[in-house]
Amino acid sequence: MYTKRLISFIQDYYQSKDFIPLHAPTFVGNEKKYVLDTLDSTFVSSVGSYVNDFEVNIAKFTQSRFAIATVNGTAALHTALYLSGVQSGELVITQALTFVATCNAISYLGAKPVFVDVNTETLGLCPVALLSFIEEQCEVREQKCFHKNGERIRAAVVMHTFGHPAKVDELKKVCQDNFIELIEDAAESLGTLYKGQHTGTFSSLSALSFNGNKVITTGGGGMLLCSDEKVAAHAKHITTTAKQPHAFEFYHDELAFNYRMPNLNAALGCAQLEKLPEFIESKRALASLYQSELANTPLKFIVEPENARSNYWLNAILCPSKEHRDILLAETNNAGVMTRPVWQLMHTLPMFKESLCGNLNNSIFLAERLVNIPSSVLLTKEL
Ligand SMILES: *Cc1c(COP(=O)(O)O)cnc(C)c1O
């Protein structure tokens with residue numbers, strides 16, 4: 001019954017009986033103008049004014065001290081972990097309920113993810129679960145945190161799921177008390193505030209993504225947010241092959257990456273960023289419509305946690321059971337309304353199945369029941 005009602009609500013909202021995607025990008029501003037400008041100037045690649053402008057504007061928007069543009073969010077995460085000093089053979093705590101990029105970035109350094117449970121309200125890493133994992137399985141020696149198997153836990157990555165902020169201040173405290181570097185995977189939470197502060201600025205290093213399905217897109221792209229001037233300079237250096245500036249000589253002073261965002265993509269990003277406040281307003285309005293539509297049904301609409309102003313990147317509902325979820329997925333997708341389950345938990349994927357895990361009861365509960373529902377921005381709607 002309410003699945004049918006939900007389907008017609010979504011079709012009415014998007015005024016379409018055709019296929020309705022989960023999240024399509026919106027290009028209604030200066031996108032064409034800026035992109036064509038890069039073609040006219042021939043500066044389409046890793047040098048150009050849009051890359052610098054995009055960095056400055058993202059830093060301004062998020063109130064981050066520094067921002068370094070990268071080819072994608074995974075590259076930004078990889079760089080953040082690299083700059084935190086994560087070494088091969090070390091452990092990095094993160095959540096099993098995340099997109100695979102979080103764990104891939106950890107593995108690129110030869111480090112291993114360790115999975116700790118999420119909070120059912122925020123869907124992000126739970127500070128209580130983190131603390132009990134550390135108390136039960138770890139010990140601090142000489143200002144370093146070790147798992148009882150002897151491996152060092154260098155860092156923890158929290159992910160702000162679907163744009164809802166995790167309890168990042170509490171996580172930071174647990175990490176600081178135990179000599180673990182906290183990194184935010186803020187790929188989904190551009191525009192999200194926690195206690196009035198932009199996500200991604202609680203940790204000294206964090207990553208944003210501008211993939212095609214994110215709040216704003218550069219086609220593919222990412223950004224490293226950074227609070228320390230020296231680290232920011234180093235980040236820029238190692239994401240641009242560590243080449244020392246010279247008119248014609250090629251001298252690279254350390255092993256580095258080719259991760260710089262091209263100007264072509266940054267041009268798109270500059271135009272998208274101009275529209276971000278409107279996008280977020282529209283997404284928040286849609287979320288509030290979903291919330292009233294789903295009130296008094298067995299489907300629980302996921303609302304922003306306490307102390308949060310969420311960007312509502314991807315709206316989500318919690319079904320009463322896995323069986324219920326599977327029926328809802330089938331019915332909506334058959335009707336051309338795209339919905340999807342949350343990602344399969346990371347510790348069940350072949351490359352991470354040997355990982356150390358804490359108690360993952362909440363993650364397992366959520367993974368069986370969460371469904372994402374269409375969330376594209378619609379600017380024609382009166383807000
Ligand atoms: C999108 C995303 C990323 C980064 O993805 P890219 O496609 O590499 O930009 C990282 N983590 C999470 C949780 C994401 O959703």
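Ligands are counted one by one from 1 in listed order, and the atoms in each one are counted from 1 as well.
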Show your reasoning for whether salt bridge (Lys or Arg N to Asp or Glu O under 4.0 Å) applies to Asp326 and Lys322.
CA-CA 6 Å; Asp326 291 340; Lys322 184 171 185 296; 3.7 Å; yes
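- Between His164 and Tyr312, the angle of the ring planes goes over 60°, which puts this pair in the perpendicular group of the 30/60° scheme.
- For the residue pair Glu293 and Tyr13, no side-chain donor N or O sits within less than 3.5 Å of a side-chain acceptor on the partner.
- Counting non-hydrogen atoms of neighbouring residues, nucleotides and ligands closer than 6.0 angstrom, the CZ atom of Phe19 exceeds 12 such neighbours.
- Taking the six-membered ring where tryptophan is involved, the planes of His78 and Tyr108 are perpendicular, since the angle between them exceeds 60° and thus also 30°.
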Pick out the protein N or O atoms lying less than 3.5 Å from any N or O of ligand 1, and list each pair with its distance.
from     : atom 1 : to     : atom 2 : distance (Å)
ligand 1 : 8 (O)  : Gly73  : N      : 3.3
ligand 1 : 8 (O)  : Thr74  : N      : 2.9
ligand 1 : 8 (O)  : Thr74  : OG1    : 2.5
ligand 1 : 9 (O)  : Gly73  : N      : 2.7
ligand 1 : 9 (O)  : Ser209 : OG     : 2.7
ligand 1 : 11 (N) : Asp185 : OD1    : 3.3
ligand 1 : 11 (N) : Asp185 : OD2    : 2.7
ligand 1 : 15 (O) : Glu188 : OE2    : 2.6
ligand 1 : 15 (O) : Lys214 : NZ     : 3.2

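- Scored by the ring-ring contact (aromatic ring centres under 6.0 Å, His included) test, Tyr82 finds Phe257 as partners (sequence neighbours excluded).
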